[in-house]
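Order of the sequence lines fixes the chain letters, A, B, ..., with proteins taken first and strands second; residue numbering starts at 1 for each chain. All values reported here derive from a predicted model rather than from experimental measurement.
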Amino acid sequence: MRANDEAAAALQEYAELFALCGGDAFRVRSYQKAAKAIAGFPEDISVVDVRGVPGVGEAIAKKMEEFLQRGSFRQLDDLRGRVPDGVRRLTRVPTLGPKTAIMLFEDYGIDSAVALSEAITAGRLDGVKGLGPKTLANLLKGIEQLEQSGRRVHIGVAMSLAEQVMGSLKAERIAYAGSLRRMKDTIGDIDILAVAPESIMADFRAHPYVAEVIAAGDKKTSVRTTSGIQVDLRVVPAGSWGAAMQYFTGSKEHNVAIREMAVKKGWKLSEYGLFEGERVIAAESEEDIYAALGMRFVPPPMREDGGEVKAALRGELPVLVELSDLKGDLHTHTNLTDGVASLADMVAAGHAQGYAYYAVTDHAPDLTMQRMTLDKALEQRGQVAELQRKYPDMRLLHGTELNIAPDGSVDWPGEILREFDVCVASVHSHFGMSREEMTRRFIAACENPYVDIIGHPTTRKIGKRSAVDADWDAIFRAAARTGTAMEIDSFPDRSDLPSDLVRLARHHGVKFSIDSDSHAIPHLVNQRFGVGVAQRAWLTTDDVINTWPLDRLLTFLGR
DNA sequence: GCCGTTTTCGGCCCGACTGTTTTCAGTCG
């Protein structure tokens, strides 16, 4: 982990412990805000002054400096001594907050989810003030869920479910909000807003995808679906649609910042609108609300309180890359290796996307299970040339996805690589190398003059495999120096690079390629997820090589 | 704790739902 991430994690832990000890809620918020700002700060705080991070004042700066010195700070040590870590983890149980957690610990010695579960089962908490039978039953259920599936799902799963739910309901207006609309790579639960008669709630609860109704009210219904994901449906007044979308899209931190601005103008912003006293200033559209506050419209993926509010006020928001800006896909497979569609079918599907160029990049011989040979690759090149005549308006690029060996070398020597139009190089094995070895491995690949793009750089698989350990600062410096692009692999269980690393890479001057890594025709449209990652990192078309016109792209590829 | 075209002190977002405490606290987003 980067120093920033470690320091931020310690500060976040301190915020939680501080809340458990009954600390002032505003101070808790200050710590949380600063922790988030530090984690997202592009400069290494072990090098630059942490006081330069927004939300970090003298007191937090001192704590962070002590943390960088010795891996902790005095106040954190004190609170760790007072509250066992298990008590902090208790608040991960849904509906169990800091007040209840600390009461359970101080009055009953409960310091873990297991201990709580046992205490409830044994009846030790019967009759405790504030904990009625329903509350206890809910806590037991929450613990069970936490143990089973306390984790988030990737955006591909969440998006499909949201689209299924929206398609199943009749409404005048319906849309998803929340972290899904912000295009986060993982989603905890799905927020759907609707303008509809109240009967939509009963319809919603009756659908077969509902496994359990968690809450049922006039304005909000929460269910757990058969896939284990929570979906909240909210009915909002038509006249408040924009205010509701703005509010429920979040992030919470972004909304706090926006509301504070409203308050300073003597106004009030809620999910029902922007008000001056009783008078409605704006409510029907998000655009009106941002305009009334004197700022540019903030695209949802930017709404993370990461500087977008200031930029929007100054009219300095970047023009984000959009899905429609993509002129091609530079990483796709066919059934010559592990794809499931033929070359002709994949190219036809790429053409149907309206692309100006399309690269075929099947695997190379070092992934022996793919049974690729030079002869096969050259034969495919002939087929690509043949197909090119059928698509005069789309340039076909014959490429390959190379395998980066542990020593950083790739499948073929330079004289063969130079004949490909584009070379993607990726790590497919030896994920557990040390940070130093892994860093050298990637830098060597960047320094190969024929490697144009590093594919799915962290090799993570959300929910299955964590990112490899590497010094990304060093790798991105090498990529910027050698003109090697980093891929944003749009496959939703990869979303790789993740947006925080994209931001870091951009800071070093790296360019990006947003690729589908398609192994089948339906995968081509995953590009929308990759664009979401790019937008969260504030990328513009200038940062993304496959938004460029063909000439500029070919110059970058240097063939 | 942080922050300042309103402030160096006094604010810091706001509403819904649940369970249970017959008027509200805790939690969540």
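Side-chain N/O atoms of A:Thr135 include one lying less than 4.0 angstrom from OP1 or OP2 on B:dT20. Note on A:Lys252: every side-chain N or O is 4.0 Å or more away from OP1 and OP2 of B:dC28. Of the side-chain N and O atoms in A:Arg27, one or more sit less than 4.0 angstrom from OP1 or OP2 of B:dG1. Contact annotation: A:Arg234 side-chain N/O to B:dG15 OP1/OP2 distance is not under 4.0 Å.
Rounded to a whole Å, the NZ atom of A:Lys268 is 14 Å from the P atom of B:dC12. A:Gln32 has its CD atom 12 Å from the P atom of B:dC28, to the nearest Å. Between the OH atom of A:Tyr14 and the P atom of B:dC2 there is a distance of 11 Å, rounded to whole Å. Between A:Leu131 atom CG and B:dT27 atom C1' there is a gap of 13 Å when expressed in whole angstrom units. In this structure, A:Gln230 atom CD and B:dA16 atom C1' are separated by 14 Å, rounded to whole Å. Residue A:Asn138 contributes atom CG, which lies 14 Å from atom C1' of B:dC28 at whole-angstrom precision. Atom NZ of A:Lys310 and atom C1' of B:dG4 are 11 Å apart (whole Å). As a whole-Å value, the separation of A:Leu11 CG from B:dG1 P is 10 Å.
Atom name C1', nucleotides B:dT5 and B:dG1: the rounded distance is 24 Å, in whole Å. Rounded to whole Å, the C1' atom of B:dC13 lies 12 Å from the corresponding atom of B:dG29. Using P as the reference atom, B:dG11 and B:dT7 are 14 Å apart when rounded to the nearest Å. Separation of the P atoms belonging to B:dT6 and B:dC2 is 23 Å when rounded to the nearest angstrom. When the P atom is compared between B:dC14 and B:dC9, the two are found 25 Å apart, to the nearest whole Å. Across B:dG15 and B:dG10, the matching C1' atoms stand 25 Å from one another, rounded to whole Å. Taking atom C1' on both nucleotides, B:dC24 is separated from B:dT20 by 9 Å, rounded to a whole Å.
Using a 4.0 Å heavy-atom criterion, one finds that A:Leu96 contacts the sugar-phosphate atoms exclusively. Counting any heavy atom pair closer than 4.0 Å across all strands shown, A:Asp189 reaches sugar-phosphate atoms only and no base atom. A:Lys63 comes within 4.0 angstrom of the backbone, heavy atoms only, and of no base. Contacts of A:Val28 with the nucleic acid, taken as non-hydrogen atoms under 4.0 Å apart, are absent. As judged by a 4.0 angstrom heavy-atom cut-off over every strand, A:Phe248 is placed among residues making no nucleic acid contact. No contact: A:Ser222 has no heavy atom under 4.0 Å from any strand. Among the atoms of the strands shown, base atoms are found under 4.0 Å from some heavy atom of A:Phe26. No contact: A:Ala262 has no heavy atom under 4.0 Å from any strand.
Pairing of B:dC2, defined by two Watson-Crick or G-U wobble distances under 3.5 Å, is identified with B:dG11.
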Starting from the C-alpha separation in whole Å, work towards a yes-or-no answer on side-chain hydrogen bond (donor to acceptor under 3.5 Å, both in side chains) for A:Thr95 and A:Asn138.
CA-CA 8 Å; A:Thr95 75; A:Asn138 280 341; 5.9 Å; no
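Aromatic pair A:Phe529/A:Phe491: centroids not less than 6.0 angstrom apart.
Taking the ring axis of A:Phe297 as reference, the NZ or CZ atom of A:Arg303 stays within 45° of it and closer than 6.0 Å to the ring centre.
In this model, a side-chain donor or acceptor of A:Tyr247 finds a partner on the base of B:dG29 within 3.5 Å.
Distance check, rounded to the nearest 0.5 Å: CG of A:Asp517 to CG of A:Asp489 gives 4.0 Å.
Checking A:Lys99 against A:Glu271, the closest nucleotide of DNA chain B that is more toward the 5' end is the one next to A:Glu271. Both A:Ala59 and A:Tyr272 lie close to DNA chain B; mapped to their nearest nucleotides by heavy-atom distance, the more 5′-ward contact belongs to A:Ala59.
Taking the six-membered ring for Trp and thresholds of 30 and 60 degrees, A:Tyr31 and A:Phe18 have ring planes more than 60 degrees apart, a perpendicular arrangement.
Residues A:Arg279 and A:Glu276 are paired through a salt bridge, judged by an N-O separation under 4.0 Å between the basic side chain and the carboxylate. Between A:Arg296 and A:Glu286, no side-chain nitrogen of the basic residue sits less than 4.0 Å from a carboxylate oxygen of the acidic one, so the salt-bridge criterion is not met.
Side-chain proximity of A:Ile60 to the nucleotides B:dG1, B:dT27, B:dC13 is greatest for B:dG1.
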